[in-house]
Amino acid sequence: MSMAKTEDKPAQEAKQKEEIKEESEEEEEEQTFEQLGLDPRLIRALNKKEISVTKPTPIQRVAIPLILEGKDVVARAKTGSGKTLAYLLPLLQKLFASSGSSRKLAPSAFILVPSGELCQQVHKEVSSLIDSCKVQLKAVQLTTKMGVSDLRTALAGPPDVIVTTPACVAKCLSAGALQSSSINDSLEILVLDEADLLLSFGYEDDLKALTAFVPRRCQCLLMSATSSADVDKLKKLILHNPYILTLPEVEGVKDEAIPKNVQQFWISCSNQDKLLHILALLKLELVQKKVLIFTNSIDMSFRLKLFLEKFGIKSAVLNAELPQNSRLHILEGFNAGLFDYLIATDDNETKEKEQAGGSLAESRKSKRHAKQRLDSEFGVVRGIDFKNVHTVINYDMPLSAAGYVHRIGRTGRGYSTGASVSLVSTDEMAILEDIKSFLGDDESKDSNLIAPFPLLTKNAVESLRYRAEDTAKSVTKVAVREARAQDLRNEILNSEKLKAHFKANPRDLDLLKHDKVLSKKPPAPHLRDVPDYLLDPTTKEASKMVKLARAAMGNNNSARRQGSRSKFKRSRDPLKSFSVEAPRRALKGQRDSDNTHKHKRRRAV
Ligand SMILES: Nc1ncnc2c1ncn2[C@@H]1O[C@H](COP(=O)(O)OP(=O)(O)OP(=O)(O)O)[C@@H](O)[C@H]1O
């Protein structure tokens, strides 16, 4: 008995420690925005958001007070953890205090992001906070696509905040739209968002040109999802205030690269069998919608789109080749729930492949083909706040662990849940191992972070093999090339019309479908509907489970989609009519369903 007691003592102490830790974690979790010292106007604005924000995330709990105190901050926190509000809220609060104090010749705050998409996303967020707070502040977004006279007009005043890319600041400086001396006099806060990408997107020279004019008193904030040599380089380049804090290392804040609310799976299959496996996942409904699928080449994305179409599965593609208006519009349509499957080609992955002397002839060819057209400021994945993506599928594995983290981070955003499924061929096993060790996955210690996908049986795969292989043969290289050219032509035409439309109706959120069928023939009925006799009982059960989980989450996309579509039908197509519709209506369906996503429960898949 006493033996047992002595043996129990360390265990009891450990338990007590664990309880104390849990209590203090709970207390931290209970912390409110008021306790962080946030202005009541901002708190009210957060409550009024489409998805009301009531409780700070861990990164916000630590970053907001530090930024309010005027410290330089380097914040590294996982994707989807709320880094944008972590810097925007205190930044605005500081501008509330200083606005109107003296006549400025340049903006007080610069927010630098790596891509046009992010520029729009952050600008939307900051403008909506300013509107809700009813304060006399102005934020503008500047992109390199704007002409010099438009840049001058946007900078007249000057606005209090600019959201832009480093290349655009350089353009403004060289065109005289911004004066270096004015920046030196006026700049109070400089934010480098997605700092880990700014250098890899080739902005080093532009940043160096700007840093020469950043005054020493300026508060600098670096936000990033992954740590890298580039972030260290930027730290040295920009931060001059000695208070530099890397948040995960202070106050015991735990941080993993991938949020806990995302379940990660993988499936081993040969390259030839990837089409078959993705068909099984989608057609047998073994993953929850909405689904974001990643490929490493644009040709592959079209091959996949055409292949899925033959089975009656419609999807949209998103890549750097498309005009910016179309890309923004595709993102809006997907976020609003107008289609369930988006196939994205992450340009950074193809860039990395090229640098690494990638062996795939296909990639080299498509790269040569697209070289002049790819938009250098495009970031399809990194930092973009995709809404309600429940599943991310890596059709092709990313080429680096950081790429994996950014891709998977498009699901499980904020407090919502998500899952990822990676299709891994033998050639890609090494990268899977790299990713696992980067994430600290250790099967021997039972920390199986990326687990084998449990719901897809061999029988289910084999039942579709004949159809899939036969259909895959019909998606020829010529068909892929034609579909890609046709899509690009359509989108260029759309883009011009959309540009005119949105210029006339900047708040009009009327949406288009981007999941148009590209193949000329409709899907054959025997491919569109999976006959019941092909399905084994395990697969039927799995599919039922996924549907139940979706229903429990209130994520009934078809209902939501129908809502959006019927509204869409009623409102006129901006490509045809350019009418102004009530701006918020199209998004109501999404808002309702977004509200159902604010729970933390983990799901089966
Ligand atoms: N305190 C909060 N409570 C609930 N949702 C939040 C909160 N803060 C932010 N969000 C939501 O979480 C989502 C992700 O936030 P955000 O885009 O800032 O993530 P991030 O950390 O910048 O991710 P990434 O590194 O991928 O860019 C957004 O939709 C945002 O509105």
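Just follow the structure's listing: the first ligand is 1, and inside any ligand the first atom is 1. All values below come from the heavy atoms of this structure, side chains included, with hydrogens, waters and symmetry mates left out.
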Visitor: Determine whether any heavy atom of E125 lies closer than 4.0 Å to an atom of ligand 1.
Guide: no

Visitor: Counting only nitrogen or oxygen atoms and a 3.5 angstrom limit, does K55 reach ligand 1?
Guide: yes

Visitor: Quick one: CD on Q60 to CG on L46, what's the gap to the nearest 0.5 Å?
Guide: 8.0 Å

Visitor: Under 3.5 Å between any N/O of Q121 and any N/O of ligand 1: does that happen in this structure?
Guide: no

Visitor: Any idea which atoms of ligand 1 are less than 4.0 Å away from a heavy-atom of L85?
Guide: 8 (N), 9 (C)

Visitor: Looking at E125 and K49, does any basic side-chain N land under 4.0 Å from a carboxylate oxygen?
Guide: yes

Visitor: When the aromatic ring centroids of F334 and F339 are compared, is their separation below 6.0 Å?
Guide: yes

Visitor: T411 and V262: which non-hydrogen atoms are nearest, and at how many Å?
Guide: O-CG2, 3.8 Å

Visitor: Any nitrogen or oxygen of T84, main chain or side chain, under 3.5 Å from a nitrogen or oxygen of ligand 1?
Guide: yes

Visitor: P56 versus ligand 1: do any nitrogen or oxygen atoms come within less than 3.5 Å of each other?
Guide: no

Visitor: Determine whether a donor-acceptor pair (N or O, by modelled atom type, separation under 3.5 Å) exists between the side chain of Q120 and the backbone of E117.
Guide: no

Visitor: So, 4.0 Å and heavy atoms of K387: is ligand 1 close enough to count as a contact?
Guide: yes

Visitor: Is Q60 touching ligand 1 with its side chain, its backbone, both, or neither, if touching means heavy atoms under 4.0 Å apart?
Guide: side chain

Visitor: Please verify whether a non-hydrogen atom of G409 lies at under 4.0 Å from ligand 1.
Guide: no

Visitor: For the atom pair CZ (F453) and CD1 (I267), what is the distance rounded to the nearest 0.5 Å?
Guide: 5.5 Å

Visitor: Among I408, N335, V53, which residue places a heavy atom closest to atom 5 (N) of ligand 1?
Guide: V53

Visitor: Output the list of atoms in ligand 1 that are nearer than 4.0 Å to some heavy atom of S81, sorted by atom number.
Guide: 19 (O), 20 (P), 21 (O)

Visitor: Check R410 against ligand 1 and report side chain, backbone, both or neither, counting heavy atoms closer than 4.0 Å.
Guide: side chain

Visitor: Look up atom CG in D396 and atom OG1 in T345, then write down how far apart they are to the nearest 0.5 Å.
Guide: 8.5 Å

Visitor: D160 side chain to K138 main-chain N or O, any donor-acceptor pair under 3.5 Å?
Guide: yes

Visitor: Going by the atom numbers of ligand 1, which of them fall below 4.0 Å from some non-hydrogen atom of E194?
Guide: 24 (P), 25 (O), 27 (O)

Visitor: Would you kindly say whether S422 and N394 are connected by a side-chain donor-acceptor distance under 3.5 Å?
Guide: yes

